[in-house]
Amino acid sequence: MENLGNNLNSLLYYNLLVFVLFKNPSDGFQSQLNLQTMLEQDLINSVFYSDPFLKAGFISKLVQDAKLEVLYLDLDLLYSGYVVSGIIPTEKNLTLFQPTTETLYKMIKEILVKASLSQTIIVVDSLNGLFNMLNRKKNIGKTVMSIMMLLASMAKMTKSYLVVTSMVRYKKEEGWILSPTGKRLIETKNSKKILLEYGKESIVLSMPSDSCKLVIPSNLIPLV
């Protein structure tokens, strides 16, 4: 698992962050919250975050809640680091793919084959990592979009779910851009935006299209 050692070192920071932000979990709040039920089948579920812990907390809860097989393309290796270190238990329904530049297309093909056989949840974590892995390719934006559309088409065929995470920041003049590269985020009508933010002892999920918010209290986040 290439570069996984560096990610394990970074876990010290995120564990400290967990302690500071979620010292006093509330016990009864939204105990029935299941993240799979908020996903859309016919749209790309685009998860935006400004801090990797927000993403890791959301994804760990989603995998825990999932009733379907989860095909996880881990381009950042942060989630894999939590699994290997034992902070997050390995779920039986989870298949982790940890690509390198050389194995990326082979693993995407494996995901497409598996997703063609049954309903699944496909997680691409993250769009930033995909851009970084393909940074030497010409027409990188078109290549990334082609991969996303291919995965989205397969998900639609089998009524599966596609979740794509992106570390972003918002600029008034440009809209959402990938952080820290500054690449403009390509937005499509076929996406549902889920914005992750810190709340009081919780992670807040904002969905602009639905004008609603959900809260994941700290006691329901597997990382805490």
Side-chain angles (χ1 to χ4, degrees), residues 1-8 10-11 35-36 39 41 43-47 49 52 55-56 58-60 62-167 178 181 183 185-186 188 190-191:
M1 288 176 283
E2 192 172 298
N3 297 326
L4 190 52
N6 293 333
N7 282 276
L8 288 174
S10 70
L11 295 180
L35 294 185
Q36 182 180 317
L39 299 180
Q41 287 181 327
L43 301 174
I44 298 174
N45 297 276
S46 299
V47 179
Y49 60 95
K55 180 263 308 257
F58 172 84
I59 292 296
S60 63
L62 174 61
V63 173
Q64 183 184 69
D65 291 348
K67 305 301 181 185
L68 303 172
E69 181 181 8
V70 179
L71 306 175
Y72 196 123
L73 186 64
D74 192 355
L75 297 150
D76 297 339
L77 297 180
L78 180 60
Y79 184 87
S80 296
Y82 280 117
V83 172
V84 170
S85 65
I87 295 174
I88 298 176
T90 303
E91 302 289 345
K92 293 181 179 179
N93 62 329
L94 174 67
T95 303
L96 267 176
F97 296 88
Q98 300 155 317
T100 63
T101 303
E102 292 74 24
T103 63
L104 175 62
Y105 291 113
K106 178 183 177 182
M107 289 190 174
I108 290 174
K109 183 179 178 180
E110 287 184 50
I111 290 172
L112 289 169
V113 170
K114 284 180 173 288
S116 70
L117 300 175
S118 62
Q119 187 182 32
T120 62
I121 298 174
I122 303 170
V123 177
V124 178
D125 181 20
S126 64
L127 199 60
N128 312 67
L130 187 56
F131 269 102
N132 290 338
M133 192 165 287
L134 298 173
N135 64 355
R136 295 183 180 179
K137 298 284 185 181
K138 293 182 179 180
N139 301 317
I140 182 173
K142 290 183 179 179
T143 301
V144 170
M145 180 58 71
S146 296
I147 292 171
M148 291 298 102
M149 291 302 101
L150 191 59
L151 291 170
S153 296
M154 182 57 69
K156 190 171 184 178
M157 286 175 57
T158 57
K159 296 184 178 180
S160 296
Y161 302 91
L162 175 59
V163 179
V164 180
T165 70
S166 303
M167 187 172 178
L178 293 175
T181 62
K183 292 183 181 293
L185 191 65
I186 301 172
T188 70
N190 299 321
S191 66

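Residue indices begin at 1 and follow the sequence shown. What you see is a predicted model, and the numbers here were worked out from it, not measured in a lab.
Here the CG-NZ distance, from D76 to K55, works out to 4.0 Å after rounding to the nearest 0.5 Å. Rounded to the nearest 0.5 angstrom, L39 CG and I121 CD1 are separated by 6.0 Å. For the atom pair CE (M145) and CD1 (I140), the distance works out to 12.5 Å, reported to the nearest 0.5 Å. Interatomic distance, I122 CD1 to I111 CD1, rounded to the nearest 0.5 Å: 7.0 Å.
One N or O on the side chain of T100 and one on the backbone of T103 form a donor-acceptor pair closer than 3.5 Å. Of the possible donor and acceptor atoms, one in the side chain of Q36 sits under 3.5 Å from a partner among the backbone N and O of K67. Between the side chain of Q119 and the main chain of K159, a donor-acceptor pair closer than 3.5 Å is present. No donor-acceptor distance shorter than 3.5 angstrom exists from the side chain of N128 to the backbone of S166, with no hydrogens or angles considered. Listed for the N45 side chain is a donor-acceptor partner under 3.5 Å among the backbone atoms of L162.
Taking each heavy atom of Y49 and S126 in turn, the nearest pair found is OH-CB, 3.7 Å. Of all non-hydrogen atoms in A115 and L71, the two that sit nearest each other are N-CD1, 3.9 Å. In plain terms, the two heavy atoms of T158 and S116 that are nearest each other are CG2-O, 3.8 Å. When every heavy atom of L62 is checked against every heavy atom of V163, the shortest pair comes out as CD2-CG2, 4.2 Å. Listed here is the closest heavy atom pair of T165 and I59: CG2-CD1, 4.1 Å. Closest approach of P99 to M133, counting heavy atoms only: O-CE, 3.4 Å.
Annotation: side chain of Y79 is in contact with side chain of L94 (closest heavy-atom distance under 4.5 Å). The side-chain heavy atoms of E110 and T95, taken from C-beta on, include no pair separated by under 4.5 Å. In this structure, the side chains of M148 and V164 come closer than 4.5 Å at one or more pairs of heavy atoms. The shortest distance between side-chain heavy atoms of I44 and M149 falls below 4.5 Å. Residues L75 and L104 form a side-chain contact, since some pair of their non-hydrogen atoms from C-beta on lies under 4.5 Å apart.
For F58, the ring-ring contact (aromatic ring centres under 6.0 Å, His included) criterion is met by no residue, not counting sequence neighbours. Under the side chain to side chain contact (heavy atoms under 4.5 Å, CB included) criterion, L112 pairs with I108, L150, L151, M154, sequence neighbours left out. With sequence neighbours left out, K137 forms a side chain to side chain contact (heavy atoms under 4.5 Å, CB included) with Y105, L134.
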Stepwise side chain to side chain contact (heavy atoms under 4.5 Å, CB included) check, K114 with T120: CA-CA 8 Å; K114 284 180 173 288; T120 62; 5.8 Å; no
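A donor-acceptor contact under 3.5 angstrom links the side chains of D125 and Y72, judged on distance only.
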